[in-house]
Engineer: 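My structure is below; once you've seen it, I'll send some questions.
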There are 2 protein chains.
Amino acid sequence: MATLNDVAKKANVSKMTVSRVINHPEQVTDELKELVYEAMRELNYRPNAAAKALANNRTQIIKLLILEEMDTTEPYYMFLLTGIANELDKYAYSLQLLTHNNVQIGDSDGFIVCGMRQEDEALIKSLDKPTVLFGQNDMGIDFVDSNNEESMAKATEYAIEKGYEKIVYIGIAVDEPFARSREKGYTTVMNNHGKEPCIYNLENRSRYSAAFIRENWDMFPKNTLFLCASDRLGLGVIREIKEHDGDIPGDYGVIGHDGVFLDQIAYPNLTTLKQSITEMGAACARMVLKKVNENGKAQGDQLFETELKLGGTTR
Amino acid sequence: MATLNDVAKKANVSKMTVSRVINHPEQVTDELKELVYEAMRELNYRPNAAAKALANNRTQIIKLLILEEMDTTEPYYMFLLTGIANELDKYAYSLQLLTHNNVQIGDSDGFIVCGMRQEDEALIKSLDKPTVLFGQNDMGIDFVDSNNEESMAKATEYAIEKGYEKIVYIGIAVDEPFARSREKGYTTVMNNHGKEPCIYNLENRSRYSAAFIRENWDMFPKNTLFLCASDRLGLGVIREIKEHDGDIPGDYGVIGHDGVFLDQIAYPNLTTLKQSITEMGAACARMVLKKVNENGKAQGDQLFETELKLGGTTR
DNA sequence: AATCGCGGTGTTATCGGTAACAGAATGAAT
DNA sequence: ATTCATTCTGTTACCGATAACACCGCGATT
C-alpha cells in the first residue's frame with residue numbers, strides 16, 4: 001500500500017505538503033496540489049486509517065448503540081446499518097455495534113443511539129462523546145427521524161379522501177415522543193375534517209392487534225379504515241379482518257407504518273408509510289461526524305418525509 | 001486514557017515488558033506479570049487499537065460482505081451482525097459492512113462473506129485476505145453454517161413421528177449447496193421410511209408458495225405436512241391453507257426453516273428449525289481472526305445444529 | 001577461574017500520519 | 001537598499017504500540 005511518503009517522493013514534495021493537500025488544501029499552491037493529486041492517483045494512494053487515528057488522537061470508530069431487544073425489534077435495522085456504514089466508510093470510519101449483551105462501551109469518537117426510551121436518558125447523558133439519536137426525543141439531543149406527525153397526517157388525509165367513513169387509529173402503547181407525534185398527526189387531521197378521533201393503543205405485536213379486532217369486531221362497521229402506527233399492528237388487523245371474512249380493501253382498509261419488509265409479507269400487501277431508513281442512517285452518520293469535527297457542537301434535528309406506498313389494503 | 005507507558009511507569013518496568021505481558025506472557029516472570037496486571041487494573045488500561053494496528057501493520061478491521069440484495073433478504077442479518085460484532089469487539093476489531101451499493105473494497109485484515117452464490121466465486125477468490133463464508137459451499141472455502149441436511153432430516157423424522165401421512169417438501173429453487181443439503185436430509189429420511197419423496201422447488205417468496213398451494217390444492221389430501229426450506233415459504237403455505245379453511249395443525253401441518261422473526265409473525269406461530277444465528281456469527285468472527293493470526297491457514301468447516309422449535313402448525 | 005548459553009529485560013527504530021514551529025521567498029513600505 | 005509582513009513549504013517531535021536487537025546476570029561447562 002502506498003503511503004504519504006511514497007506520494008511525497010513521487011511528487012517531489014515533503015510528506016507535510018501531501019498531508020496538507022488532503023486536510024488543508026487552501027494552504028497549498030494550485031501548482032503543487034496538481035502534482036500531488038497526480039501522484040496520489042498514480043499510486044492509488046489510500047490513507048491509513050490507523051495512522052490517522054493515532055496522530056489525531058481519534059479512534060475512527062463510531063459506536064452504534066441499540067437499546068431495544070433484538071427479537072422484539074422491527075427488521076429495519078439492517079437498512080439503517082447499511083446507511084450508516086456506507087456513509088462512515090467514506091471518511092475511513094468504522095462502525096461498532098453495541099447491544100444489550102455487550103454493554104462494554106470501549107473507546108470511540110462518537111455514538112449513534114437507537115431504540116431509546118425515556119428511561120435510557122441517564123445512560124445517554126453519560127456518554128462523553130458526540131451523540132446523535134435515531135428517533136425523535138424531547139431531551140434536547142440531536143436526532144434524525146421520520147416526520148411522524150406529518151406522516152400520519154398524510155395517511156389520514158388519504159383515508160378520508162378515499163371515502164372511508166370511520167377511521168380508527170391503532171397506536172403503540174408507549175409514552176414516547178414518536179408515538180405522540182403519530183397520534184397527533186391523526187388527531188389534527190380528523191379534527192380539521194370535523195371527525196371524531198377514535199384511538200386505541202396496544203403493545204406493538206400483531207397478536208395484540210388481532211385480538212383487539214376480534215374482541216371489538218362489532219364496533220367496526222363496514223367502511224372503516226384502520227390506521228396503524230406500525231406494520232406489525234397492521235398485520236394483525238388484516239389477519240383478523242380476514243378471519244371475519246371482511247372485504248379488504250372494499251369494506252375495510254388498513255394502513256401501516258414503516259414500510260420495511262413486513263408490508264410485503266402481508267397479503268394483500270399492506271398500504272404503508274415507508275420510511276427512508278437507509279437515508280436516515282446516512283444522515284445519522286453525517287451528523288455525528290460533523291459533530292465530532294465541530295467538537296460536539298449541537299446539530300439540531302433532521303426530519304425525513306415518509307412515502308405513502310400503496311398496497312392492496314386500501315381502495 | 002492510560003497508555004502502555006503509564007502502566008510501565010506504575011509497575012516500574014519498561015513499556016516492552018508491559019507489551020510482552022499482553023502478547024507473550026510466557027516470556028515474563030510471574031512476579032513482574034503480577035505487578036503489571038495490578039498496574040493495568042488500577043489504571044483501567046485499554047489498549048489503543050489504532051496504535052496496535054499501526055505497529056502490527058494491520059487494520060484491526062474485518063469486512064462483512066453481503067452479496068444478497070437487502071430487500072430480498074431474510075431478517076436474520078441483524079443477529080448475525082451482532083454475533084460477529086460482539087466477538088470482534090473482544091479483540092479490539094471493528095466491523096465494516098459492504099453491500100452491493102458499496103463495492104469499494106478498502107483495506108482490512110480479513111473478510112466474512114455471506115449470501116454467496118455460485119456466480120460470486122471469482123469475486124471471493126479475488127479477495128486477497130483471509131476469508132470465511134457464512135453459508136456452506138463446495139469451493140473449498142472455510143465456512144460456518146447450520147447443518148442443513150441434519151436439520152431437515154430431523155424435521156422429517158418429527159413429521160413422520162407425528163403421524164402425518166403425506167410429507168411434501170417445498171424447497172428453494174436455487175442450485176446452491178445449502179438447498180441441496182436440505183433436500184437431501186428430507187429425501188434420505190423419506191427413503192429410510194419407505195416413503196416416496198415429493199419435492200417442489202419455488203422462488204423464496206411467500207406469494208409463490210401460496211400460489212403453488214392454491215393451484216395444486218387437490219393434490220394435498222388431509223393429513224399432509226408441508227416441510228418448507230424457509231419460514232417465508234411456510235408463511236405462504238399457511239396463508240393459503242387458511243384460505244381453503246384447512247385445519248392447521250389437525251389436517252395440515254407446516255414446518256418452516258430459519259426461526260428468525262417470521263415464524264413469530266405467522267399465525268399460528270410456525271413450527272420451525274431455528275438456527276443459532278448469533279452463535280454462528282461469533283463463530284465466523286473467531287474463525288476469520290484465527291485465520292488472520294495463522295497467516296491464512298485453512299480452518300475447515302463448522303456446522304451448527306438447528307433446534308426444532310414447536311409452534312402451532314404441527315400437532 | 002574463564003567461558004558459554006540462556007532466560008529475562010531494556011533500548012532503539014519504526015509503523016503512517018499530523019501539529020507546531022522554523023525557515024525561505026516574495027512583494028510592499030520606508 | 002533595508003526592513004517587515006505575508007505566504008508557502010520543510011523539519012522535528014510525537015501519537016501508542018511492537019519487533020529486533022543489545023545487554024545483563026546467572027548457573028553450567030571445561
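Every chain is numbered from 1, with letters handed out A, B, ... down the list of sequences. FYI, side chains are in, hydrogens and waters are out, and symmetry mates aren't considered; it's all heavy atoms of this structure.
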Engineer: What is the separation between atom CD on A/Q27 and atom P on C/dC21, rounded to the nearest whole Å?
Structural biologist: 15 Å
Engineer: Does a nitrogen or oxygen in the side chain of B/H24 sit under 4.0 Å from OP1 or OP2 of D/dA19?
Structural biologist: yes
Engineer: Report the distance from atom CG of B/D30 to atom P of C/dT9, rounded to the nearest whole Å.
Structural biologist: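 The answer, rounded to whole Å, is 10 Å.
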Engineer: May I ask you to evaluate whether A/N23 reaches the phosphate of C/dT18, defined as a side-chain N or O under 4.0 Å from OP1 or OP2?
Structural biologist: yes
Engineer: Taking the nucleotide of DNA chain C with the closest heavy atom to each, which residue, B/A55 or A/V18, is nearer the 5' end?
Structural biologist: B/A55
Engineer: Taking C-beta and beyond as the side chain, do B/Y93 and B/D109 meet within less than 4.5 Å on heavy atoms?
Structural biologist: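 In contact.
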Engineer: Just how far, in rounded Å, is P of D/dT18 from CZ of B/R58?
Structural biologist: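 That distance rounds to 11 Å.
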Engineer: Of all the nucleotides listed (C/dG17, D/dA17, D/dT9), which has the minimum atom distance to the side chain of A/N48?
Structural biologist: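 My answer, after comparing the listed nucleotides, is C/dG17.
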Engineer: Identify whether any heavy atom of B/N56 sits under 4.0 Å from a base atom; if not, whether one sits that close to sugar-phosphate; answer base, sugar-phosphate or nothing.
Structural biologist: sugar-phosphate
Engineer: Taking the side chain as everything from C-beta on, heavy atoms only, tell me whether A/V18 gets closer than 4.5 Å to A/V21.
Structural biologist: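 Side-chain contact under 4.5 Å: no.
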Engineer: Which nucleotide wins on minimum distance to the side chain of B/L54, given the candidates D/dA17, D/dG16, D/dG10?
Structural biologist: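 Nearest to the side-chain atoms of B/L54, counting from C-beta on, is D/dG16.
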Engineer: Which nucleotide wins on minimum distance to the side chain of B/M16, given the candidates C/dG17, C/dG10, C/dT18?
Structural biologist: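 The answer is C/dG10, which lies nearest to the side chain.
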Engineer: Say whether, by atom type as modelled, one donor and one acceptor occur between the side chain of B/S126 and the main chain of B/L123 under 3.5 angstrom.
Structural biologist: yes
Engineer: Tell me whether the side-chain N or O atoms of B/R20 pair up with the base of C/dG10 as donor and acceptor below 3.5 Å, since no angle test is needed here.
Structural biologist: yes
Engineer: Could you tell me whether the side chain of A/K63 reaches within less than 4.5 Å of the side chain of A/K129, counting heavy atoms only?
Structural biologist: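 A/K129 vs A/K63: side chains apart.
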Engineer: In whole angstroms, how far is the P atom of C/dT9 from the CG atom of B/L35?
Structural biologist: 10 Å
Engineer: Between A/L4 (CG) and D/dT12 (C1'), how many Å, whole number?
Structural biologist: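 One finds 16 Å between C1' of D/dT12 and CG of A/L4, rounded.
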Engineer: Heavy-atom nearest nucleotide on DNA chain C for B/N12 versus A/I22: which residue maps closer to 5'?
Structural biologist: B/N12
Engineer: Over how many whole Å does the gap from A/N5 atom CG to C/dC15 atom C1' extend?
Structural biologist: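 A/N5 atom CG is separated from C/dC15 atom C1' by 11 Å.
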Engineer: Go through the side-chain N and O atoms of B/K290 and B/Q299 and say whether any donor and acceptor fall under 3.5 Å apart.
Structural biologist: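 Looking only at side-chain atoms, B/Q299 and B/K290 do form a donor-acceptor pair, the distance falling under 3.5 Å.
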Engineer: The side chain of B/A51 lies closest to which of these nucleotides: D/dG16, D/dT18, D/dT11?
Structural biologist: D/dG16
Engineer: Counting side-chain heavy atoms from C-beta on, which of D/dT11, D/dG16, C/dG17 comes nearest to A/S14?
Structural biologist: D/dT11
Engineer: Out of D/dA17, C/dT18, D/dG10, which nucleotide sits closest to the side chain of B/K15?
Structural biologist: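 It is D/dA17.
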Engineer: Please report, rounded to the nearest Å, how far the P atom of D/dC15 is from the CG atom of B/D6.
Structural biologist: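 The answer, rounded to whole Å, is 11 Å.
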Engineer: Nearest-Å distance, NZ (B/K52) to C1' (C/dG16)?
Structural biologist: 18 Å
Engineer: Is B/T17 near enough to C/dG10 that one of its side-chain N or O atoms lies under 4.0 angstrom from OP1 or OP2?
Structural biologist: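 Yes, within the criterion.
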Engineer: Return the nearest nucleotide to the side chain of A/V13; candidates are C/dT9, D/dG10, D/dT18.
Structural biologist: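 So the side chain of A/V13 is nearest to D/dG10.
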Engineer: Have A/S108 and A/Q96 got a donor and an acceptor in their side chains that come within less than 3.5 Å?
Structural biologist: no
Engineer: Would you say a side-chain N or O of B/T29 is under 4.0 Å from OP1 or OP2 of C/dT9?
Structural biologist: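 Checking C/dT9 against B/T29, a side-chain N or O does come within under 4.0 Å of OP1 or OP2.
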